[in-house]
Amino acid sequence: MKFQGPRGADDVLPNAIPVWRHIEDTWRRLVTQYGYLEVRPPMFESYDLFVRSSGETSDIVSKEMYDFTDKGGRHMALRPELTASVVRAYLEHSLGAAGGPVRLWYCGPIFRYGRPGKGRYRQFHQVGLEVLGSPSPAADAEVMEVAYRFYTALGLRRAKLLVNNIGRFDARERFGEAVLAHVAAWLADQTEEDRARAHKNPMRLLDSKDADLQALLKDGPRIADCLGDESRAHGEAVLERLAEAGVPFEVDPGIVRGLDYYTDTVFEVAAEGLGTSLSLCGGGRYDTLVSELGGQPTPAVGVAPGLERAILAMELEGVEVPNPALDAYLVAATEGARATIGELAGEVRAAGFACLRDLDGKSLKAQFKQADRSGARLALIVGDDELAAGTVTVRDLATGEQGSVPRSEAVARLKGL
RNA sequence: GCGGUUAUAGCUCAGUCGGUUAGAGCGCCAGAUUGUGAUUCUGGAGGUCACGGGUUCAAUUCCCGUUAGCCGCCCCA
């Protein structure tokens, strides 16, 4: 094999397309019901946009950016997330000028230069939405509700909404120091690299997989105790709104997002998989990001579900997605019928149905084999007998039942399915 | 980015203690079946044994490197 596709970027082949379309259609239908409008930002942006939004110390910026210099000498990056692009577009085109919270959704490829593995890709796909301009806890709850309903609509029964409140900057500072103090003895035994990481962002210690550390943190400081009054009130109100909406959730103090821009609400939906739970989407409130990118202070909240993760979760739970069937396969039983089959194909398509026919002069048996493989519901057969009688033989490929209908009624037979 | 592991037909995998033409099952093509997709039988096509280098009389096999997949870590969707 001469060429291989780029590392960590999968080809989505025809047999996987029905699942992808089902997921994308489910999302589109859902967000449309909630009144969100679609935006399609470019796939690359100025490198600095992401440094400004995600934070210089975040892993995404410090080691996972797919960046390059273009022919004009500009430092660009393939987008590692879409929130920054959406906020940039919102500001650049003054989408907030019309007033009211602005609800936007998107869908597309995302790029992160990490080491690929199962469920982790360098090019992957996200759908997502952002509510810009509402400080209300109801906005946080709405975003979580849409995210949760997305997974239930896909047929996932073991998707769990996990919510946390990480407060504002000063609360996190206080909490971080308290955590570092609490685990100081444990940390002294770790590698230099681990220590540096812990000091850079102590919050990350919370979702560590280390059993000793988790045990130690069980009776450690709690973020809830460090929150300011406004954060605490906001967080409680968010949970009330969620409960009112009938969305099941769990408060999980271990939910810590990797992006620096979150304020107060952070959440994810996780699938109970084999072994460690699988993170299906991440989101939260980011009240300081818009002003950070040069706009008027604008409170906002959003979420971004990963599509490859959704597919993985569906596979784990055995969720089936129906394949759209081809309507008919047209079979020429004799050489003399090929021209008529061509005409019939035109009529079938003109009536809005999908059909296939043999191009290569294959035998009757081979044509039936292809008809079977194509997934077509019906075979429309024409040979010398049918030509003489002005009929078409209609065969149900699933049951094997067949009968003769006048040529003029053949296309009508497809409508009954 | 770090550690481990794997790579033989379209797919799942045997195999070669280094030695003539590298195998199986499934799939594919054709025939048995001159107007019918299951099954059965018969025949056939399909491989630079991931790529590059080294050792050797000889490498798909041993060694090194590269690439890609998988597992763990980091991190996340």
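Computed from heavy atoms alone, side chains included, the values below leave out hydrogens, waters and symmetry copies. Just so you know, these numbers come straight off a predicted model, no measurement behind them. Per chain, numbering begins at 1; letters A, B, ... match sequence-line order.
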Nucleotide [N], atom [atom2] - distance to [atom1] of [X] in whole Å:
X	N	atom1	atom2	result
A/Arg395	B/rG37	CZ	C1'	7 Å
A/Leu205	B/rC75	CG	C1'	14 Å
A/Asp10	B/rA68	CG	C1'	12 Å
A/Lys118	B/rA77	NZ	P	19 Å
A/Gln190	B/rC73	CD	C1'	13 Å
A/Arg112	B/rG1	CZ	P	17 Å
A/Lys369	B/rA32	NZ	C1'	13 Å
A/Leu162	B/rA77	CG	P	13 Å

Given [options], the nucleotide with the shortest approach to the side chain of [X]:
X	options	answer
A/Phe368	B/rC75, B/rG1, B/rG37	B/rG37
A/Leu397	B/rG72, B/rA77, B/rG37	B/rG37
A/Asp385	B/rC71, B/rG35, B/rC74	B/rG35
A/Gln4	B/rA68, B/rU36, B/rG1	B/rA68
A/Leu364	B/rG1, B/rA77, B/rG35	B/rG35

Reckon [X] has a side-chain N or O less than 4.0 Å from the OP1 or OP2 of [N]?
X	N	answer
A/Arg373	B/rC29	yes
A/Lys365	B/rA32	no
A/Arg7	B/rG69	yes
A/Arg204	B/rC74	no

Check every strand shown and say whether [X] touches a base, only sugar-phosphate, or nothing at a heavy-atom separation below 4.0 Å.
X	value
A/Asp384	base
A/Gly119	base
A/Ala371	nothing
A/Gln402	base
A/Gly8	sugar-phosphate
A/Gln126	sugar-phosphate
A/Ile381	base

Separation between the [atom1] atoms of [N] and [M], rounded to whole Å:
N	M	atom1	result
B/rA14	B/rC49	C1'	13 Å
B/rA68	B/rG54	C1'	23 Å
B/rA7	B/rU60	C1'	12 Å
B/rU66	B/rU6	C1'	15 Å
B/rA22	B/rU36	C1'	40 Å
B/rA77	B/rG65	P	35 Å
B/rU8	B/rG46	C1'	14 Å
B/rU12	B/rG69	P	15 Å

With a cut-off of 6.0 Å (strictly less than), are more than 12 heavy atoms of other residues, nucleotides or ligands near CZ of A/Arg7?
-> yes
Donor/acceptor link under 3.5 angstrom from [X] side chain onto base of [N]:
X	N	value
A/Gln367	B/rU36	no
A/Glu386	B/rG35	yes
A/Arg120	B/rC75	yes

Do the rings of A/Tyr113 and A/Tyr66 sit parallel, tilted or perpendicular, given the 30° and 60° boundaries?
-> perpendicular
A/Phe267 side chain near A/Val303 side chain, heavy-atom distance below 4.5 Å = yes
Do we see a donor-acceptor contact under 3.5 Å between the side chains of A/Glu130 and A/Thr83?
-> yes
When you check the side-chain N and O atoms of A/Glu142 and A/Tyr34, is any donor under 3.5 Å from an acceptor?
-> no
Please identify which of these residues, [options], meets the side-chain contact (heavy atoms from CB on, under 4.5 Å) condition with [X].
X	options	value
A/Val382	A/Thr393, A/Ile341, A/Leu330	A/Ile341
A/Met144	A/Thr265, A/Val269, A/Val301	A/Thr265
A/Asn165	A/Asp264, A/Val266, A/Ile223, A/Val251	A/Asp264

Ring centroids of A/Tyr121 and B/rA77 base under 5.5 Å with planes under 30° = no
Nucleotide paired to [N] in any strand shown, Watson-Crick or G-U, under 3.5 Å:
N	result
B/rG52	B/rC64
B/rC13	B/rG23
B/rU33	none

Start at the 5' end of RNA chain B and walk down; is the nucleotide closest to A/Asp372 or to A/Gly114 reached first?
-> A/Gly114
Identify, between A/Tyr113 and A/Gln370, the residue whose nearest nucleotide on RNA chain B lies closer to the 5' end.
-> A/Tyr113
Could you tell me whether the side chain of A/Arg309 and the main chain of A/Gly119 form a donor-acceptor pair under 3.5 Å?
-> yes
